[in-house]
Structure formats: C-alpha cells, structure tokens
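Only one structure is covered here, and it is reproduced in the block below.
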Amino acid sequence: MAVTDVNVIDGIAFDDDNKTLIMEIYDHLHFEGKFEFDHIVILQDKLNTYLWYIESKQYADIYPDKQFDNFVINLSLIHISEPTRLRCI
C-alpha cells in the first residue's frame with residue numbers, strides 16, 4: 001500500500017488510552033522535479049480519502065466496539081530533501 005493507492009488506508013491502529021484512531025500514509029514518491037505538482041495532487045486525493053473515511057465512520061467496520069474522540073493521520077515521506085521539507089511546513 002502506498003500514496004498512489006488512493007482508495008486504500010495504508011495503515012491503521014488505535015490508542016485506547018486516548019480514544020485515538022491513528023492512520024498512516026506511506027509516501028514513496030519524490031517531490032523534486034517535474035512531477036512535484038502531480039505528487040501534491042496525489043497526496044491531496046489520498047488525504048481526502050482519509051477524511052472521508054473518518055467522516056463516514058468507515059472505521060466502525062474494523063473497530064465496531066470502539067468510540068474515538070481523536071483522529072491522527074501520520075504522513076511518512078521516504079524521499080524528501082531539506083528545502084522541500086521546509087516548504088511543506
């Protein structure tokens with residue numbers, strides 16, 4: 001699973017103590033060069049899928065007995081340079 005699989009949640013877990021659902025996006029694409037815009041669009045589409053997943057409570061299919069008060073989306077970027085990292089902040 002990866003950022004290019006737009007309709008797939010890459011990773012999911014929960015923290016019972018904080019009633020938090022934790023989701024992961026694994027991004028293996030490069031930001032630099034001529035594909036930077038395409039990469040950002042792919043990432044935006046992936047984030048929109050995660051937001052829909054939360055809003056529609058699709059997580060209840062996996063965790064039917066859990067009540068979540070908090071939601072976290074972690075983004076794991078594999079290829080990112082320091083200048084790009086600073087632009088993303």
**Message:** Could you check whether any side-chain N or O of Asp69 sits under 3.5 Å from a backbone N or O of Thr20, counting only pairs where one atom can act as donor and the other as acceptor?
**Reply:** no
**Prompt:** Do the non-hydrogen side-chain atoms of Leu47 and Ile25 ever get within less than 4.5 Å of each other?
**Reply:** yes
**Asked** Is any side-chain heavy atom of Leu43 less than 4.5 Å from a side-chain heavy atom of Val41?
**Response** no
**Asked** Under a 4.5 Å side-chain heavy-atom rule over Ile, Leu, Val, Met, Phe, Trp and Tyr, are Trp52 and Leu75 clustered together?
**Response** yes
**Message:** Parallel, tilted or perpendicular: which one describes the rings of Tyr59 and Phe68, with boundaries at 30° and 60°?
**Reply:** perpendicular
**Item:** Side-chain H-bond candidate by donor/acceptor type, Asp45 with Asn48, under 3.5 Å
**Value:** no
**Prompt:** Going through the distances and angles, do Ile22 and Asn74 end up as a side-chain contact (heavy atoms from CB on, under 4.5 Å)?
**Reply:** CA-CA 7 Å; Ile22 304 162; Asn74 291 322; 3.5 Å; yes
**Asked** Can you list the residues that meet the salt bridge (Lys or Arg N to Asp or Glu O under 4.0 Å) rule with Lys66, with sequence neighbours excluded?
**Response** Asp16
**Message:** I'd like to know if the side chain of Lys46 and the backbone of Tyr26 have a donor-acceptor N/O pair within less than 3.5 Å.
**Reply:** no
**Asp10 side chain near Tyr50 side chain, heavy-atom distance below 4.5 Å** = yes
**Asked** From Gln58 CD over to Ile12 CD1, what is the distance, rounded to the nearest 0.5 angstrom?
**Response** 10.5 Å
**Item:** All ring-ring contact (aromatic ring centres under 6.0 Å, His included) counterparts of Phe14, not counting sequence neighbours
**Value:** Tyr63
**Message:** Looking at Thr49 and Val6, would you say the former's side chain and the latter's main chain have a donor-acceptor pair under 3.5 Å?
**Reply:** yes
**Asked** Does the side-chain contact (heavy atoms from CB on, under 4.5 Å) test come out yes or no for Met23 and Ile54, once each step is laid out?
**Response** CA-CA 10 Å; Met23 295 175 288; Ile54 293 167; 3.2 Å; yes
**Request:** Decide yes or no for His28 and Leu77: does some side-chain heavy atom of the first lie under 4.5 Å from some side-chain heavy atom of the second?
**Result:** no
